[in-house]
There are 2 protein chains.
Amino acid sequence: MSTSYDSAAVLDYLRGLQDRICAALEQLDGRATFRRDAWQRAEGGGGESRVLRNGAVFEQAGVNFSHVMGHKLPPSATAQRPELADAKWLAAGVSLVIHPLNPYVPTTHANVRFFAATSDTSSAWWFGGGFDLTPYYPYEEDVLHWHRTAADACAPFGANVYPAHKDWCDKYFFLKHRNETRGVGGLFFDDLNEGGFERCFAYQRSVGDHFLPAYVPIVERRKDVPFGERERQFQLYRRGRYVEFNLVYDRGTSFGLQSGGRTESILMSLPPLVRWEYDWHPDPGSPEELLYKDFLRPRDWLNELPPRLSRG
Amino acid sequence: MSTSYDSAAVLDYLRGLQDRICAALEQLDGRATFRRDAWQRAEGGGGESRVLRNGAVFEQAGVNFSHVMGHKLPPSATAQRPELADAKWLAAGVSLVIHPLNPYVPTTHANVRFFAATSDTSSAWWFGGGFDLTPYYPYEEDVLHWHRTAADACAPFGANVYPAHKDWCDKYFFLKHRNETRGVGGLFFDDLNEGGFERCFAYQRSVGDHFLPAYVPIVERRKDVPFGERERQFQLYRRGRYVEFNLVYDRGTSFGLQSGGRTESILMSLPPLVRWEYDWHPDPGSPEELLYKDFLRPRDWLNELPPRLSRG
């Protein structure tokens, strides 16, 4: 693997992506704007957190840029790479989590990140990222649009990329203790360096650039669907799964908390209001049960027969 | 260390403790009663979860008994005992978490547990447990009563027990990423087998038996203190820290989720309603700031000068 990379180009792209996404979300919301917090990290680097709250469309949206560095990789980053346990490292990324107000609009998460590490004996760089969708009351056409856009992002990089990163997403965003996926998936990749820096960086840009075309049309279609207390309560309940995933399983959260990251920026992924209810189960045949039965498991959205036919 | 132990006596005590605590909480609540769910575990054993919801005093209270066994200890239990990595094991315990409605009544957690493990080459048993208090708007006299009762539970077992287990509690219930204790502490112990089974079991009983005398008087004193939306919102916000601790740090939660425990029983510790707010800070001089400044750090409650004098 070549060890040459252009971190300045990556940083330029990431800052521009943060700007573009924030501008699009403000326009979509129409009421609230992003508060910006620049922060510095004692060991090196810093970032800019942007948070929009109490919008007309978004109850909370956080879009963070960070560019941090350190003298020793934390354990969560070296489990797969013991030779880098004492490496100097840099990490840069944009990470976002959007919690909409209307339960018919899905929650979403997207992330693009770049790592580089150098020890006395070894050096490495790699990209990671992806985007995934977490609906409460899903529409099949929204999920198909989401996955088609994900497939479009991957297409220029080979026919095997979408299926591989779609599968990785299903496996990564899985709550073992619930036997549920977090949502309907999308793309997830990590440790990507195959084919050299330029090719990997181009793929990262394609993923980043496809986030807005994947998400915005879904928000536009669902943001004005009428809802009531029942839908709101189910949304708050399901947000509990989001908290469980992020705090129990998510590597980004572990890495951030372990590496002395800015706690408020890392935990802006947590929803503004959340409910747990002991031993709750959806009523048979209800729209809530449909989410569990037909959406919270890995499905080959782009290749399976329409459900009505396949159930036939 | 002697390897003989009487698990039947431990189980009798634990079942009785669950009954006594539930009866006392129902009486204190005056409106809601505990729903009981007996459950079995595929690998062996089971338990009985009891949950009270939407009470006059308690928004949610869970008091769980479990007695489970397996063929291979999960990693969270063998980090300190590699020789038991392949041991058959049994675990029995009562674990409770109480989330009161009134923000002037503290949240509390108590647990008493017994483990035994036998591999081809080695065998061991040990006790663990303790109780701790998480106030929102603390009263110093409540915290003193709590720690005096904890000290009473320990006193028959030697002068060093309370300070050691009080210190362990402060260190265990600590949110590193927030630089805050979870609450005002109490007692925490684990891996206890010194002095033989009878003595350790007697100490476990003393801790279990002192929970109600420690907590009930505080509830009685504060359950009718008037409160408004401000106090409620702060309570919901602080409950977020409880979720963060339990999902990120708590060994009992990790052990339960890793060992294929009953998810609903394990996660009944999570509050019924929780709020996160990006970068929130208490106003200087407010009652909310007092919690952070004077209570969410280790303090030698029973030996320090009264704060007003020590602040001079």
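Quick caveat, the model's predicted, so the values are computed rather than measured. What you see below is based on every heavy atom in this structure, not just the backbone, and it leaves out hydrogens, waters and symmetry mates. Note on naming: letters A, B, ... go to the chains in the order of the sequence lines (proteins, then strands), and numbering restarts at 1 for each one.
Only the side chain of B/Val51 comes within contact range of chain A, with at least one heavy atom under 4.5 Å from a heavy atom of that chain. Using a 4.5 Å cut-off between heavy atoms, B/Arg35 touches chain A through its side chain atoms alone.
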Using ring pair (Phe, Tyr, Trp, His ring centres under 6.0 Å), reason through B/Phe173 and B/Phe245 one step at a time and then give a plain yes or no.
CA-CA 8 Å; B/Phe173 292 103; B/Phe245 181 85; 5.2 Å; yes
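Of the listed residues (B/Gln60, B/Arg239, B/Glu277), the one with the most heavy-atom contacts under 4.5 Å to chain A is B/Glu277. Here B/Thr263 is the residue among B/Leu267, B/Ile266, B/Thr263 with the most heavy-atom pairs under 4.5 Å with chain A.
Side-chain contact, B/Tyr278 with A/Asp37: a donor N or O sits under 3.5 Å from an acceptor N or O.
For the pair A/Arg20 and A/Phe211, the cation-pi criterion (under 6.0 Å, within 45° of the ring axis) is not fulfilled. For the pair A/Arg182 and A/Tyr242, the cation-pi criterion (under 6.0 Å, within 45° of the ring axis) is fulfilled.
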